[in-house]
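Encoded as structure tokens, the structure appears first; notes follow it.
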Number of protein chains: 2
Amino acid sequence: MIEAWITQLRKGLLEYCVLTVLSRGENYGYEIVAALGRFEEFSVTESTIYPILARLRQEKYLKVRDVPSGLGPTRRYFSLTAIGKVRLAEMNHHLKKIESAISQLKTPPRKDNSHESDT
Amino acid sequence: MIEAWITQLRKGLLEYCVLTVLSRGENYGYEIVAALGRFEEFSVTESTIYPILARLRQEKYLKVRDVPSGLGPTRRYFSLTAIGKVRLAEMNHHLKKIESAISQLKTPPRKDNSHESDT
DNA sequence: TAGCGCTACCTCGCGATGCAGAGTAGTATC
DNA sequence: GATACTACTCTGCATCGCGAGGTAGCGCTA
């Protein structure tokens, strides 16, 4: 099942997506779910996002600001901290390297010489 | 720890990498480990690769050919089956969509109109 | 007051995966 | 027989995504 594979692929990636969304400005959980949900491959529910937000916050990558919405429960706005921005930059760096590695995997490795001429 | 994040990122991705490596032609486990190990982000050991190969084979994405190596135990060459190639194509498709989604996440969403002019 | 629906947040428990560590087996060399 | 190298296998743990379920504030209708 491709769907099961996508679930595995998201591991780690969703954390990155949350940070990326927040790099555009502060936002609250419910809206982040909606923002990611616009993309089929990132369709998620609260039970996926809230634990990520909690962990990111615990690790000091996010800070919190509670704002009464007057239209329901208080909204908890998350935004990147300084180290959160650093973290996101590191992630971007690693993702680029991974992309590069994958594109190299698609091409047979260039042996310096042809001391291996099987078949 | 970024390293822990990379570990999470690899979930699902390694399966894709293995299929990609095999799309270049048949190969055996030990060599696949070496092929992936050339890239820092994909540095793995046998205990990571062999379970993937076993699962991929069980799901009929790979077929096996045993070849005595005369230099140790018999080598077990893996190669893509027909549905293995289909699977890899599907994965490529999904990865492209994910890449596209990520690049859109980096840009604030364009509202068709400005019926939402917050700030 | 009671019931319903929407917004918004949080927690529990399961399944899948990556991976360190340890083990098995075949061949060659000493 | 002991050591070393190649090649593959198994066990057990940690982490994450996510379905299911729960709480709470506000507004509407009856």
Side-chain angles (χ1 to χ4, degrees), chain A residues 1-19 26-37 39-59 62 64-78 91 98, chain B residues 1-19 26-37 39-59 62 64-78 91 98:
Chain A
M1 286 215 85
I2 277 286
E3 287 177 21
W5 176 65
I6 301 270
T7 295
Q8 294 304 320
L9 251 199
R10 289 192 230 195
K11 287 174 193 278
L13 207 53
L14 285 177
E15 186 178 314
Y16 169 77
C17 289
V18 167
L19 290 176
E26 65 173 11
N27 211 337
Y28 57 102
Y30 208 73
E31 248 296 299
I32 295 173
V33 169
L36 292 179
F39 304 97
E40 210 187 323
E41 330 285 319
F42 289 142
S43 179
V44 290
T45 64
E46 294 101 312
S47 47
T48 299
I49 293 305
Y50 283 111
I52 292 176
L53 288 170
R55 216 180 101 243
L56 251 23
R57 184 192 179 193
Q58 193 182 321
E59 298 178 355
L62 300 183
V64 157
R65 192 168 69 95
D66 287 341
V67 179
S69 71
L71 189 118
T74 297
R75 286 179 182 167
R76 174 155 284 187
Y77 280 88
F78 293 86
M91 285 174 155
I98 286 176
Chain B
M1 284 214 87
I2 276 285
E3 286 178 21
W5 177 66
I6 302 270
T7 295
Q8 293 305 318
L9 253 198
R10 289 193 231 195
K11 287 174 194 279
L13 208 53
L14 285 177
E15 186 179 314
Y16 169 78
C17 288
V18 167
L19 290 175
E26 64 174 12
N27 212 337
Y28 56 101
Y30 211 72
E31 248 297 299
I32 295 173
V33 169
L36 292 180
F39 304 97
E40 209 187 324
E41 332 283 320
F42 290 141
S43 180
V44 289
T45 64
E46 295 100 311
S47 47
T48 301
I49 294 304
Y50 283 111
I52 292 176
L53 288 170
R55 218 180 99 243
L56 252 21
R57 183 190 180 194
Q58 193 184 321
E59 297 179 355
L62 300 183
V64 157
R65 191 168 70 95
D66 286 343
V67 179
S69 72
L71 190 118
T74 298
R75 283 180 184 165
R76 173 156 287 185
Y77 281 88
F78 294 86
M91 285 174 155
I98 286 175

Take B:Val33 and B:Thr48 through the side chain to side chain contact (heavy atoms under 4.5 Å, CB included) test and state the conclusion after the steps.
CA-CA 9 Å; B:Val33 169; B:Thr48 301; over 6 Å; no
Heavy-atom nearest nucleotide on DNA chain D for A:Arg55 versus A:Thr74: which residue maps closer to 5'?
A:Arg55
At under 4.0 Å, does any side-chain N or O of B:Thr45 touch on OP1 or OP2 of C:dA20?
yes
Measure the distance from CD on B:Glu3 to P on C:dA20 and round it to the nearest whole Å.
10 Å
Rounded to the Å, how far apart are B:Leu53 CG and C:dG18 C1'?
14 Å
Would you say A:Tyr50 places a side-chain N or O within less than 4.0 Å of OP1 or OP2 belonging to C:dC9?
yes
Winner on side-chain proximity to B:Lys11, out of D:dC18, C:dG18, C:dC9, is C:dG18
Nearest-Å distance, CD (B:Glu59) to P (C:dT17)?
8 Å
Shortest non-hydrogen contact from B:Leu36 toward B:Cys17
CD2-CB, 3.8 Å
For a quick test of reading the model: is some side-chain N or O of A:Arg75 closer than 4.0 Å to OP1 or OP2 of D:dG25?
no
For a salt bridge (charged side-chain N to carboxylate O under 4.0 Å, His left out) check, start with the C-alpha distance between A:Glu41 and A:Arg10, then their side-chain angles and the critical distance, and finish with the verdict.
CA-CA 9 Å; A:Glu41 330 285 319; A:Arg10 289 192 230 195; over 6 Å; no
Along DNA chain C (nearest heavy atom to each residue), the more 5'-positioned of A:Ala4 and A:Gly72:
A:Gly72
Interatomic distance, A:Ile6 CD1 vs D:dG19 P [rounded to whole Å]:
14 Å
Are any of B:Thr48's side-chain N or O atoms less than 4.0 Å away from OP1 or OP2 of C:dG18?
no
For the atom pair CG (A:Leu19) and CZ (A:Phe78), what is the distance rounded to the nearest 0.5 Å?
12.0 Å
Quick check on B:Glu31: does its CD atom have over 12 non-hydrogen neighbours (other residues, nucleotides or ligands) under 6.0 Å away?
yes
Give a yes or no on whether a donor-acceptor pair under 3.5 Å exists between the nucleobase atoms of C:dA20, that is its base, and the side chain of B:Ser47.
yes
With respect to the side chain of A:Pro51, which nucleotide from C:dA8, D:dG17, C:dT11 is positioned closest?
C:dT11
Over all strands shown, is B:Glu46 touching base, sugar-phosphate only, or nothing at heavy-atom distances under 4.0 angstrom?
base
To the nearest 0.5 Å, how far apart are OH in B:Tyr16 and CE in B:Met91?
9.0 Å
Would you mind reading off the distance between A:Tyr77 atom OH and C:dT7 atom C1', rounded to a whole angstrom?
12 Å
How many whole angstroms separate atom CD of A:Glu15 from atom C1' of D:dG17?
12 Å
Would you say B:Tyr28 reaches D:dA7's phosphate, i.e. side-chain N/O to OP1/OP2 under 4.0 Å?
yes
If the cut-off is 4.0 Å, is B:Arg10 near the phosphate of C:dC19, judged by side-chain N/O to OP1 or OP2?
yes
What's the CG-C1' distance between B:Leu13 and D:dT15, to the nearest Å?
17 Å
Closest of C:dC9, D:dG17, C:dT17 to the A:Gln8 side chain is C:dT17
Gap between atoms CG and P, on A:Leu56 and D:dT15 respectively (whole Å):
16 Å
